[in-house]
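Just below is one structure, and these are the notes that go with it.
For ligands, and for the atoms within them, numbers begin at 1 and follow the listed sequence.
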Amino acid sequence: MNTYSRLPVTFVKGDGVWLWDDRGERYLDALAGVAVCGLGHCHPRLTKAICEQAGRLIHTSNLYGIQKQGRLADRLIELSGMDNAFFCNSGAEANEAAIKLARLHGHNKGISLPTIVVMERSFHGRTMATLTASGNRKVQAGFEPLLSGFVRVPYNSMEAITQVAANNKDVVAVLVEPFQGEGGVNIPEVYYLRKLRDLCDQNGWFLMLDEIQSGIGRSGKWFAFQHSHIMPDVITLAKGLAGGVPIGACLARGVAAEVFKPGNHASTFGGNPLACAAAIETLNVITDANLLDHVTELGNFIRERLKKQLIDVAGVVQIRGQGLIIGIELSVPCVELVQKALEKKLLINVTSDKVVRLLPAFVMQQNEAEQVVDITCSLIREFFNN
Ligand SMILES: *Cc1c(COP(=O)(O)O)cnc(C)c1O
């Protein structure tokens, strides 16, 4: 169906941070499949793990035990400090699981119309519940009636949400991104998550973090919440978790981990052996290659170099980010930069109309990052000279 306005290029092969199109032209990839291919394209260890699993067992269903699903759950629990996991196949589905979990918890407490607090400029997916939760009219328009049971407040501010706590007895949870990706690479003040945690504790709400873009190493820690020294009740994951094989996960802790009972939620494909083998190996490679430290260092390097090269460009509003999510906010809409970069054989993205976004693979080397920055900065300079 006509759901995408695609760029005029088709890739047929990848290796690390490089992609080749169907005419043999090579491109430098600073987007990694939109924060999915953290290990770069076709990492040999990931390819091998997928091939081996495909030769042993691909799918059996959740009617039976799944060895690799248990192992992946154990690994995620160990890395996150959460208690258990539900597996699905995408980010939207992971958030659906979290939303259902919060609603069921509300009903268990005798709240018949449970409400979830969500944020302005957020993005949680394209299913009916997750587009309702998203703070973006573009993803909602034309799909009314939206779901009830959500209240929206500004991101990175405690004022409105504190008012909600005082006035709304039906709230059961807050669903929030530790930093907003699609919403424009918005990094909240350092104590924001801690303040939300305190408010949730005072009111008996679940703190549910959408780590679909921020999690699995993208921020320089396994999970972005680990920069804040708090523990959430629920985390949702997808994107980078299996390096490009579709997977989603909803992790829960404490009371939240006990909400679902058999029959409450399910997924045919969720957590099948193939996807779990890919996820386990993705986590292993990140660990073995010390990629979290590299993400932090390379992210700092890229931001510093961008700042140096763009310091005198008046149209650059701010350069921001955490680890390897990097945003360059410009003063005017700049979507055309994506096409201009493609002509220079560089893949970048523009989100929220005015924010150039870089989401490179964790395996990117410094000399490759230099090329990304230098091309991006020359395009931004040209853009403002016109
Ligand atoms: C990409 C994204 C989603 C949606 O994930 P899908 O796999 O496309 O359903 C949800 N939340 C955040 C923060 C995302 O970045």
Side-chain angles (χ1 to χ4, degrees), residues 1 3-4 6 31-38 86-102 116-136 138-140 143 147 150 152 155-156 173-188 192-193 196 207-219 222-225 227 232 234-251 267 269-272 275 278-279 282 321-327 349-352 355 357-360:
M1 291 190 187
T3 51
Y4 302 101
R6 298 179 197 268
L31 199 57
V34 195
V36 168
C37 307
F86 171 83
F87 291 100
C88 47
N89 316 288
S90 67
E93 276 178 86
N95 285 331
E96 286 278 341
I99 291 164
K100 284 180 68 176
L101 186 156
I116 297 172
V117 181
V118 291
M119 302 298 157
E120 289 174 5
R121 313 189 66 170
S122 61
F123 181 74
H124 299 296
R126 300 289 198 140
T127 61
M128 281 311 305
T130 57
L131 73 82
T132 300
S134 296
N136 179 347
K138 274 194 205 158
V139 309
Q140 297 174 337
F143 300 108
L147 272 64
F150 294 92
R152 193 172 308 286
Y155 186 66
N156 194 21
V174 178
L175 175 63
V176 58
E177 296 155 273
F179 55 71
Q180 292 182 329
E182 306 306 304
V185 189
N186 304 318
I187 314 289
Y192 180 55
L193 284 188
L196 283 180
L207 179 59
M208 309 202 297
L209 299 182
D210 180 340
E211 291 250 16
I212 289 161
Q213 189 157 155
S214 61
I216 314 297
R218 179 65 46 194
S219 76
W222 282 108
F223 305 97
F225 79 81
H227 294 278
V234 174
I235 306 173
T236 54
L237 301 171
K239 293 211 161 85
L241 177 52
V245 177
I247 191 169
C250 177
L251 313 185
S267 166
F269 292 126
N272 83 11
T282 299
Q322 191 169 35
L324 283 179
I325 181 166
I326 292 154
N349 174 251
V350 169
T351 191
S352 253
V355 182
R357 181 172 52 160
L358 306 177
L359 291 161

Under 4.0 Å between heavy atoms, the region of Asn95 that gets near ligand 1 turns out to be side chain

Are side-chain heavy atoms of Phe150 and Ile99 found at a separation under 4.5 Å? yes

So OG1 of Thr236 and CE of Met208: to nearest 0.5 Å the spacing works out to 8.5 Å

Honestly, for Ser90 the part within reach of ligand 1 (heavy atoms, under 4.0 Å) is both

Which of Thr130, Asp210, Asn136 passes side-chain hydrogen bond (donor to acceptor under 3.5 Å, both in side chains) with His124? It is Asp210

Contact region, Glu177 to ligand 1, non-hydrogen atoms below 4.0 Å, reads side chain

For Ala92, the atoms of ligand 1 under 4.0 Å from one of its heavy atoms are 4 (C), 5 (O), 6 (P), 9 (O)

Atoms of ligand 1 under 4.0 Å from any heavy atom of Gln213, numbered from 1 in the order shown, are 15 (O)

Of all protein heavy atoms, the one nearest atom 11 (N) of ligand 1 is Asp210 OD2, 2.7 Å

**Q.** Side-chain heavy-atom pair Asn186, Arg121 within 4.5 angstrom cut-off
**A.** yes

Closest to atom 5 (O) of ligand 1 among protein heavy atoms sits Gly91 CA, 3.3 Å

Side-chain touch Glu93/Ser267, heavy atoms, less than 4.5 angstrom:
yes

Query raised in the report: Would you say the ring centroid of Phe87 lies under 6.0 angstrom from that of Phe269?
Result: no

| Hey, are the side chains of Val234 and Cys250 touching, using non-hydrogen atoms and a 4.5 Å cut-off? | yes

- Protein heavy atom under 4.0 angstrom of atom 8 (O) of ligand 1, is there one? no

Looking only at protein heavy atoms, what sits closest to atom 2 (C) of ligand 1 is Lys239 NZ, 2.5 Å

Geometry only, no angles: is Gly125 polar-contacting ligand 1 at N/O separations under 3.5 Å? no

